[in-house]
Amino acid sequence: MHGDRFVDAHDGIRIAVRDHGGDGRDLVLLHGAGTHLLSVFNVARKLEGGFRVVSMDARWSGQSGDSPTYSWDDLVHDVEAVVDGLGLDDPVVVGHSWGGMIAAHYGAAHPDAPAVVNLDGHGSGDASLYDGVTAEEYERFRVLLAETNEASVASVNEGDETWLAAAKDEFRAMTSVMGVPPTMVEEWTDRTFVDLGHGRWRRHPSPPLFEGLRGDLDLFSLYRRVECPLQIFNCTADAPGLPPEMAPFMSAYRRGLSRALRDLAEERPNVDIVELPDFHHNGVLARGAGPAVDAIRRFVAAVA
């Protein structure tokens, strides 16, 4: 049985935490942008044998609170607050997508950490990673990407109980596309909306999250600052539903990313690269969870 609670971040923001239990070394599990801790439930479940797993809603997400400005330091401090609040002992930190970026930042701030793991969290990369793409083509891709991201952000994030009912219905209708198991639809939906009191509700994620991510193009300078063991996953299968005009750019990006990650591993002995050609970015949370967890177990056993 899992246990839910809240801890206070350094700036007073309330962080929602789920303790999944399990036996073995402590491990903090972080979700990706635009979702909440339930998105990594399958990975958490498979990690419980051999780890004591704790997941958390990042600020602006799930049932955690909001701050007005984006800061990687705040996100690292949030993980630290969870570690301190639950009395965790030198945990491994694992994150998917945006959560993997947070894990890498945590590793840079904690050179003595036993290990950090980034499950396919690379951002959109800079122009150097797009194999065979001209500067003009890359700029066109950036425009397409911005338009796609803008369309994915809800225009109205707060409202009264009438708004809440309609917003929940809209969200439930999207859960099948998101791959949410039918048995989790209600819990998943409820976790997306925060009670502000006085009959007002807020839909997460909040805008500062996406505003902050717009500036993240190059994570390789971050990876080179990480001194502790760092495992990085690269999921190279095509994602379903990708707009046709973006597909060639993403293929070019994955090729360039694979090359750059191999070069990084040759340069940095603390870095372990895992390529999963059978799984796409979110597939690593579903059918890919087993192979990913197996690789994480091998890595942590070898270095920690």
Side-chain angles (χ1 to χ4, degrees), residues 1-7 9 15-64 75-107 110 113-121 179-181 184 187-188 191 205 228-233 235 274 276 279 281-286 288-301 304:
M1 293 293 291
H2 60 254
D4 289 344
R5 58 174 290 185
F6 292 92
V7 300
I15 303 297
V17 180
R18 175 163 293 184
D19 189 342
H20 298 262
D23 53 358
R25 178 184 286 276
D26 292 340
L27 183 147
V28 178
L29 184 59
L30 309 173
H31 63 81
T35 183
H36 45 58
L37 62 80
L38 289 180
S39 70
V40 291
F41 81 96
N42 203 22
V43 177
R45 184 182 61 189
K46 293 180 183 301
L47 282 167
E48 286 170 16
F51 293 96
R52 184 262 184 105
V53 181
V54 172
S55 58
M56 56 184 279
D57 288 333
R59 61 177 65 205
W60 314 296
S61 310
Q63 292 300 294
S64 289
L75 291 164
V76 169
H77 291 324
D78 292 347
V79 178
E80 294 167 346
V82 170
V83 172
D84 293 342
L86 273 69
L88 303 182
D89 181 18
D90 203 16
V92 173
V93 178
V94 178
H96 172 248
S97 192
W98 176 55
M101 300 178 199
I102 298 171
H105 279 276
Y106 182 90
H110 294 267
V116 295
V117 179
N118 178 350
L119 282 168
D120 205 46
V180 179
M184 295 184 67
E187 183 184 9
W188 196 295
R191 196 165 194 96
C228 69
L230 168 63
Q231 187 177 47
I232 305 172
F233 284 74
C235 301
V274 179
L276 296 179
F279 304 105
H281 182 67
N282 287 323
V284 74
L285 301 178
V293 167
D294 289 345
I296 292 169
R297 290 188 191 282
R298 289 195 296 269
F299 178 63
V300 173

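In this text the structure is predicted, and so the values were computed from the model without any measurement.
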Is a donor from one side chain sitting under 3.5 angstrom from an acceptor on the other, for S55 and H31? no
Do V83 and V28 pass the side chain to side chain contact (heavy atoms under 4.5 Å, CB included) test, and can you show the C-alpha distance, the side-chain angles, and the key distance before you say yes or no? CA-CA 8 Å; V83 172; V28 178; 4.3 Å; yes
Heavy-atom side-chain contact between W188 and S39 under 4.5 Å: yes
Without swapping roles, check the side chain of D26 against the backbone of D89 for a donor-acceptor pair under 3.5 Å. yes
Between V43 and H96, is any pair of side-chain heavy atoms under 4.5 Å apart? no
Residues F299 and V116: closest non-hydrogen pair is CE2-O, 4.2 Å
NE2/H77 to CD1/I15 distance, rounded to the nearest 0.5 angstrom? 12.5 Å
To the nearest 0.5 angstrom, please state how far the NE2 atom of H20 sits from the CG atom of L47. 9.5 Å
Do N42 and L285 make a side-chain contact, defined as non-hydrogen atoms from C-beta onward lying under 4.5 Å apart? no
Output for pair (I102 CD1, L30 CG), nearest 0.5 Å, gives 5.5 Å
Reference residue R52; test salt bridge (charged side-chain N to carboxylate O under 4.0 Å, His left out); the match among D19, D23, D90: D19
Contact check, side chains of H105 and V79, non-hydrogen atoms, under 4.5 Å: no
Would you say the side chains of D120 and H281 form a donor-acceptor pair under 3.5 Å? yes
Between V117 and A103 the two heavy atoms that sit nearest each other are O-CB, 3.6 Å
Check whether any side-chain heavy atom of L75 lies under 4.5 Å from a side-chain heavy atom of W60, and answer yes or no. yes
Using a strict cut-off of less than 4.0 Å between a Lys/Arg side-chain nitrogen and an Asp/Glu carboxylate oxygen, indicate whether D57 and R18 qualify as a salt bridge. no
What pair of heavy atoms forms the shortest contact from A81 to A9, and how long is it? CB-CA, 4.0 Å
At what distance, to the nearest 0.5 angstrom, does CG of D78 lie from CE of M56? 5.0 Å
Separation of C235 SG from N282 CG (nearest 0.5 Å): 9.0 Å
Any side-chain heavy atom of L37 sitting closer than 4.5 Å to one from R191? yes
Just how far is it from atom NZ of K46 to atom CZ of F41, taken to the nearest 0.5 Å? 9.5 Å
Please check: side-chain N/O of E187 versus main-chain N/O of L38, any donor-acceptor pairing under 3.5 Å? no
For G32 versus W98, what's the shortest heavy-atom pair and its separation? C-CE3, 3.8 Å
What one should report as the nearest heavy-atom pair of A113 and P229 is O-CD, 3.8 Å
Measuring only between side-chain heavy atoms, which start at C-beta, is L27 closer than 4.5 Å to R25? no
Testing the basics here: between A58 and S64, what is the closest heavy-atom pair and its distance to 0.1 Å? O-CB, 3.4 Å
